[in-house]
Each structure stands twice: as C-alpha cells, then as structure tokens.
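Heads up, the thing below is written out as structure tokens.
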Amino acid sequence: MAIKIEQLRQYLLGSLSQNKIEEIDLLVISDETIEDNLIVAEESLIEDYLEGALTDLELKLFNDNFLKTQQRKLQVATVAELKELAKERDIQPVADEEKNETATNFFRGLINGYKLKPIYLSFALLIICVFGFLGWFLFIKDVNNLTTLEQEYVQINKRNYQDLSKFEASTPILLIGGKTRSNDNSNELLKRKLTEDVFFSLALPLNSEKGSSYTIELFKNNKVIFTQVELQTYFNGSGEELRFVLPAQILELGEYDIRSINNSDKTDVNTFSFSVK
C-alpha cells in the first residue's frame, strides 16, 4: 500500500484520525518498504522546522507530538548544529544533475550534495560524537526523571518473570500485534475485576533478538501516560515476549496502546492495543 510523504508527515505530527494512525502503525511494522519514506518524511519535517517553513498548526503539532522523545530532540539539535557548521565553514555544493527532490533537504544534501574538507568533516564528526554522548546522558537522566510510581514499577519489573505460576494472582492480559492471545480472543480488561497489578505479556515478532532490552510506553488518547524501561525478554516456547506488570490505578475506562521500543535498535517498534471497560 503506497503512502504519500505528506501523509507520513501528518502521521508523525499526529494530525491524522486515530483509525488512520493505527493503520499506518501496522504498516510500519509489517512493510519494510515504508521505512525509507518515513525517514524522508521525518527529515523533511525537521528541515522545515529549522527553516521556519512550518505553518502555525504544524509548529504546534511538531512541538507537542513530534518532539516528545529525547531522541528526536537530540536529532533536531544535531542537525541544527551541522547546518550552522555548514554556514560557518563554507561547505561547497557539488554539482549533481540527477539529484531528486528528496535530496534537496539538508540530510541528503549532506550525503549526496556537499563535499566537506577533511578538517571540517572532523568538526562535524566531533559534534555528532558530543551529541551522541549527550543523548546517552539524557537517556540515563530521563530514567531518573520518571515519576515516583514509574520508578517504583521499574524496580518491580526487574523481577524474574520466567515462572508465570508465581504471578497468577495478578490480572493477566496477553497481546500480540495489537490483539490478545487469550483464550477468548479478547483484548478487553474489566475494570471491576482488576487486581492491584495487571500482568502483561507482549509477544514480539518471531525475528526478535533474544536478550534485548526494551522500553514500553503506555498511550491513551495519543499521549504517553506511563513508561517503563530496561524490560527484558522471555522465551515463550515459540518466540520472545515482554513480561511486566502495570498498576491498575492508572487504567481508567477507555482504549489504550502499548508501544515497545528496542533500546539497542530504535527501529524495532511494535504496537499492542487493548481496552478497559
């Protein structure tokens, strides 16, 4: 299914309908060909932001929705520094008649459309290294900036969940690709029956790497309401899955999404959906 770059821009800004966002979420997970277009859309948004080319509405959505992770904030800051460096160090364009339209943005221009003198390239690499370290520092710091309840559950979720029989007292829900794997094929939790903790099992794709560490974000109405970090995977007999508990007190009536992010491979993202009734 072909998705235009403009539609992917709106997807990244969070301005599409919930149904359309979920549709693209699934496509991003299942169709590897979309990844390149998604990168182009992300790059063009950052470029327009730095050039002041976003509309007032797009700027608000960019700040509210796109810049909601430290990784993206770091990406924007890095590109801004490189653009400034390019201006200061007089980077010269190289003629290339076959440049396509997407190569006009700074990212692809830096790769295909500019030639840096060795000393200037060293400056650019130094900046990237500095911001890379800063990103690592911010990630570690961000862990410490979790709410008290989130930090409490980070410690709880360091338990070994290999033996599921030890956690039978908690309300269970088993999800795969946005749908549950429970016996009644339901992704619904009944509010009145929830125990203090809800035990989640998220089945990861079959090609998921064993032993990876994940961050999960719990979304409601397209907003992150709870985060857990450094979650480990477990083998369920056919593949890897994430196991963790969340406090029932944060689960009000409504629709929810859980997004899992591989801490070592940020492109490894999966979305799981459920509801509380």
Side-chain angles (χ1 to χ4, degrees), residues 1-80 82-83 98-113 175-179 187 202 204-205 207 215-225 227 254-262 265-275:
M1 177 181 178
I3 301 179
K4 295 181 178 179
I5 298 299
E6 180 57 35
Q7 193 170 39
L8 289 175
R9 281 171 58 104
Q10 298 307 311
Y11 164 75
L12 291 168
L13 290 173
S15 62
L16 298 176
S17 67
Q18 181 61 31
N19 287 339
K20 195 62 181 178
I21 289 175
E22 292 176 356
E23 178 184 336
I24 296 178
D25 278 341
L26 292 175
L27 287 173
V28 169
I29 294 171
S30 61
D31 188 351
E32 295 181 357
T33 62
I34 294 179
E35 184 176 351
D36 287 342
N37 286 341
L38 194 62
I39 292 174
V40 172
E42 187 176 70
E43 291 172 350
S44 69
L45 272 177
I46 294 176
E47 180 73 6
D48 286 350
Y49 170 75
L50 293 174
E51 295 295 331
L54 296 177
T55 66
D56 290 344
L57 177 58
E58 287 175 334
L59 181 59
K60 183 178 187 306
L61 291 172
F62 188 90
N63 288 318
D64 291 347
N65 298 331
F66 187 82
L67 288 180
K68 62 185 178 183
T69 66
Q70 291 293 347
Q71 182 184 3
R72 282 180 174 165
K73 291 176 182 178
L74 175 63
Q75 186 178 358
V76 171
T78 302
V79 174
L82 289 175
K83 285 175 71 69
E98 296 183 355
K99 289 180 186 176
N100 57 35
E101 184 176 348
T102 59
T104 60
N105 64 54
F106 178 76
F107 300 91
R108 301 196 183 278
L110 188 61
I111 297 173
N112 299 320
L175 304 173
I176 179 169
K179 297 178 183 286
N187 64 346
L202 309 183
L204 299 171
N207 60 350
T215 293
I216 65 100
E217 297 173 328
L218 178 65
F219 286 79
K220 186 178 184 184
N221 298 327
N222 292 322
K223 293 183 179 180
V224 179
I225 64 170
T227 300
E255 303 293 326
Y256 293 86
D257 290 318
I258 296 178
R259 186 168 297 173
S260 68
I261 306 166
N262 189 321
D265 180 3
K266 300 300 183 182
T267 64
D268 180 5
V269 179
N270 297 280
T271 300
F272 307 81
S273 300
F274 70 97
S275 62

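One-based numbering along the sequence shown. These values consider heavy atoms only, across backbone and side chains, with no hydrogens, waters or symmetry-generated copies.
How far CG of Asn19 is from CD1 of Ile24: 11.5 Å, rounded to the nearest 0.5 Å. Between the CZ atom of Phe66 and the CG atom of Leu61 there is a distance of 12.0 Å, given to the nearest 0.5 Å. How far CG of Leu16 is from CD of Gln7: 6.0 Å, rounded to the nearest 0.5 Å. Here Thr69 contributes atom OG1 and Lys266 contributes atom NZ; the two are 9.0 Å apart, rounded to the nearest 0.5 Å. In this structure, the separation between CD on Glu22 and OG1 on Thr271 is 9.0 Å, given to the nearest 0.5 Å. Annotation: the span from Asn207 atom CG to Asp268 atom CG amounts to 7.5 Å, rounded to 0.5 Å.
Considering all non-hydrogen atoms of both residues, Tyr256 and Ile225 come closest at CE2-CD1, 3.7 Å. Taking each heavy atom of Ala41 and Leu8 in turn, the nearest pair found is CB-CB, 3.7 Å. Residues Asn270 and Pro205 approach most closely at OD1-CG, 3.3 Å, considering heavy atoms. Listed here is the closest heavy atom pair of Leu67 and Lys73: O-CE, 3.1 Å. Counting all heavy atoms, side chain and backbone alike, Val76 lies closest to Tyr49 at CG1-CE2, 3.8 Å.
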Using side chain to side chain contact (heavy atoms under 4.5 Å, CB included), reason through Lys20 and Gln10 one step at a time and then give a plain yes or no.
CA-CA 10 Å; Lys20 195 62 181 178; Gln10 298 307 311; over 6 Å; no

Begin from the C-alpha positions of Phe274 and Ile258 and carry the test side chain to side chain contact (heavy atoms under 4.5 Å, CB included) through to its verdict.
CA-CA 8 Å; Phe274 70 97; Ile258 296 178; 3.8 Å; yes

Passes side chain to side chain contact (heavy atoms under 4.5 Å, CB included), Glu42 versus Gln75? Steps please.
CA-CA 10 Å; Glu42 187 176 70; Gln75 186 178 358; 3.5 Å; yes

Carefully, step by step, assess Leu54 and Leu45 under the rule side chain to side chain contact (heavy atoms under 4.5 Å, CB included).
CA-CA 8 Å; Leu54 296 177; Leu45 272 177; 4.2 Å; yes

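In this structure, the side chains of Arg9 and Asp48 come closer than 4.5 Å at one or more pairs of heavy atoms. The shortest distance between side-chain heavy atoms of Leu38 and Tyr11 falls below 4.5 Å. Inter-residue side-chain proximity for Arg259 and Asp25 is flagged as met; some heavy-atom pair is nearer than 4.5 Å. At a threshold of 4.5 Å between non-hydrogen side-chain atoms, the residues Asn65 and Leu13 do not count as touching.
Under a 3.5 Å cut-off, the side chain of Asn37 and the backbone N or O of Ile5 do not form any donor-acceptor pair.
Taking Asp64 as the reference, Lys60 meet the salt bridge (charged side-chain N to carboxylate O under 4.0 Å, His left out) condition, with sequence neighbours excluded.
The environment of Lys223 atom NZ is sparse: at most 12 non-hydrogen atoms of other residues, nucleotides or ligands sit within 6.0 angstrom.
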